[in-house]
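Structure, as structure tokens:
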Protein chains: 2
Amino acid sequence: MTISSEQLARRGHTTAAQVRKDLSHFGSFGKRGLGYGVDELRDRLRIILGLDRVWPVILVGAGRIGSALFEYPDFKKRGYDCVAIVDTDPEKIGEKWGERVIQPAEELESLIKELRATLVILAVPASAAQLVAERSVNAGVRGILNFAPVQIQVPEGIPVENVNLVMELEALSFQITRALTTVKHRPPEGR
Amino acid sequence: MTISSEQLARRGHTTAAQVRKDLSHFGSFGKRGLGYGVDELRDRLRIILGLDRVWPVILVGAGRIGSALFEYPDFKKRGYDCVAIVDTDPEKIGEKWGERVIQPAEELESLIKELRATLVILAVPASAAQLVAERSVNAGVRGILNFAPVQIQVPEGIPVENVNLVMELEALSFQITRALTTVKHRPPEGR
DNA sequence: GCATGTGAATAGGTTCACAGCC
DNA sequence: GGCTGTGAACCTATTCACATGC
């Protein structure tokens, strides 16, 4: 089974040249005249993305966002293993989510170390995010997925990905507003 | 109260020159020798982002992601008004979330038209996302925030923002993996 | 004097177009 | 013949550096 850069481009809303350039950056694993072997491509990308191993993740914050994430269907399938959940709320501590029992937030550092967690998901209020991030990094975490609507400060070399609902909506309102303000289809100039 | 491009840059993890260039793209509203008036800057950005009006939003899917979004604290504050919630699950239809009653998904088109909704949030399974998107656009929606882990196809001119937990985690694993593979601090060459 | 706003210089990313290989 | 891989051309974005105006 094989797929061409052209077909990949259509699926990803991009161009064939772009697909080829991007892939070539990591080596050349297509077959000229044929395309890319789907299985080989999948396996190569798995390795490039670091998905050829299991990443132990700790979820901080057992609120609604936390539970939505925990239930996310592909989470485990894609190589991420939620090894612990912590929260500050005494009401929630001890509660069982699937296999996992919600633990007190004070345990964060020891859990990170014991379970060798490499990633944390911050599903906490904005006011708590910075402190939790610092504690996590000090305990040895290598990357942070931040759902709190604040820009957290971490040492260089620790990647942070931010997900912020309001900013996504703002991106939409901006584009819609701009479309209204701008000439619809600036005609190709001349001739 | 005034703030300099330098200060803004530090907060946004960027550079002063970048901040100035970006803002200058929309006009020049700083004071030389002083910086930017915080209030004026806020107001200008509100207008640029289209936040000087209320955007009626319909939430499609009353599962965990949907409820997390609905509870999101800044949602309303920032000018987004969730005017309706729909779901296909008969168990959920009729349930009350705050002021709103969950409505049957068949009503989607009529709700969009009646309530003049401009944005929809797709918090539905991947298998349903494309159809819901098409129905929404046909009914007049102007932008889509998609939480389903599929790339949806929409007519040109309809902005779509995607939020995909697994892809965010993959971005982290990629960066961590690459840091391990790459020279830590390629020394400045020469001398 | 100080920080903006902006051309000029630079770097980075995308598209073109075609040689190379299946 | 068909599609990849890749230099070269092109285009866009970032950085520099300084004239401008408070």
Side-chain angles (χ1 to χ4, degrees), chain A residues 1-49 151 156 159 162 167 170-171 174-175 178-179 181-183 185-191, chain B residues 1-49 151 156 159-162 167 171 174-175 178-179 182-183 185-191:
Chain A
M1 195 52 199
T2 186
I3 191 167
S4 71
S5 56
E6 177 60 36
Q7 292 172 289
L8 287 167
R10 260 199 297 279
R11 296 210 187 192
H13 285 299
T14 179
T15 65
Q18 189 69 69
V19 169
R20 294 203 300 278
K21 254 281 151 54
D22 286 357
L23 291 177
S24 77
H25 198 262
F26 299 103
S28 66
F29 32 87
K31 287 161 196 49
R32 295 181 190 223
L34 270 172
Y36 298 87
V38 170
D39 289 352
E40 187 187 348
L41 187 55
R42 178 184 18 70
D43 293 347
R44 295 284 203 126
L45 290 175
R46 279 236 178 87
I47 292 167
I48 292 164
L49 293 171
Q151 185 74 324
E156 208 190 342
N162 295 288
M167 281 180 69
E170 285 173 358
F174 169 62
Q175 289 172 77
R178 190 165 60 156
T181 318
T182 307
V183 178
H185 230 39
R186 197 179 296 285
E189 58 201 32
R191 177 57 7 140
Chain B
M1 195 52 197
T2 186
I3 191 167
S4 70
S5 55
E6 176 60 36
Q7 292 172 289
L8 287 166
R10 261 198 297 278
R11 295 211 187 192
H13 285 300
T14 179
T15 65
Q18 188 69 67
V19 169
R20 294 203 299 278
K21 251 285 160 31
D22 287 357
L23 291 177
S24 77
H25 197 262
F26 299 102
S28 66
F29 32 88
K31 288 158 195 50
R32 296 183 187 222
L34 269 172
Y36 299 87
V38 170
D39 290 351
E40 188 187 347
L41 187 56
R42 178 185 19 69
D43 294 346
R44 296 283 203 127
L45 290 175
R46 279 236 178 88
I47 292 166
I48 293 165
L49 292 171
Q151 185 73 324
E156 208 189 344
V160 177
E161 293 291 323
N162 295 287
M167 281 182 69
F174 170 61
Q175 289 173 78
R178 192 164 58 156
T182 308
V183 178
H185 229 39
R186 198 178 295 284
E189 60 200 34
R191 167 60 17 97

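Each chain gets a letter, A, B and so on, in the order its sequence line appears, and its residues count up from 1.
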What is the distance, to the nearest angstrom, from the [atom1] atom on [X] to the [atom2] atom on [N]?
X        : N       : atom1 : atom2 : result
Asp22(A) : dT6(D)  : CG    : P     : 13 Å
Arg10(B) : dA3(C)  : CZ    : C1'   : 14 Å
Glu6(A)  : dT15(C) : CD    : P     : 13 Å
Glu40(B) : dT4(C)  : CD    : P     : 13 Å
Leu8(B)  : dG5(C)  : CG    : C1'   : 15 Å
Phe29(A) : dC3(D)  : CZ    : P     : 19 Å
Arg32(A) : dT4(D)  : CZ    : P     : 10 Å
Leu23(B) : dT14(D) : CG    : C1'   : 15 Å

Practice task
Check the pair Met1(A), Asp39(A) against side-chain contact (heavy atoms from CB on, under 4.5 Å), reporting the backbone distance first and the verdict last.
Solution key: CA-CA 8 Å; Met1(A) 195 52 199; Asp39(A) 289 352; 5.9 Å; no
Any [X] side-chain N or O less than 4.0 Å from OP1/OP2 of [N]:
X        : N       : value
Ser5(B)  : dT4(C)  : yes
Thr15(A) : dT15(C) : yes
Gln18(B) : dA13(D) : no
Arg20(B) : dT4(C)  : yes
Tyr36(B) : dG5(C)  : yes

Problem - No-H, no-angle donor-acceptor pair, Lys21(B) side chain to dT6(C) base, under 3.5 Å - result: no
Exercise for the section: Report the distance from atom CD1 of Ile3(A) to atom CZ of Arg42(A), rounding to the nearest 0.5 Å. Expected result: 12.5 Å
Practice task
Rounded to the nearest 0.5 Å, what's the gap from CZ on Phe174(B) to CE on Met167(B)? Could you check?
Solution key: 12.0 Å
Practice task
Could you check Ser4(B) against Tyr36(B) for side-chain contact (heavy atoms from CB on, under 4.5 Å), going step by step and ending with a plain yes or no?
Solution key: CA-CA 6 Å; Ser4(B) 70; Tyr36(B) 299 87; over 6 Å; no
Practice task
Without swapping roles, check the side chain of Gln175(B) against the backbone of Ala171(B) for a donor-acceptor pair under 3.5 Å.
Solution key: yes
Exercise for the section: Using heavy atoms to find the nearest nucleotide of DNA chain C for Ala16(B) and Gly33(A) separately, return the residue whose nucleotide is more 5′. Expected result: Ala16(B)
Practice task
Taking only the side-chain heavy atoms of Ala17(B) (C-beta and beyond), determine which of dG5(D), dT4(D), dC16(D) contains the nearest atom.
Solution key: dC16(D)
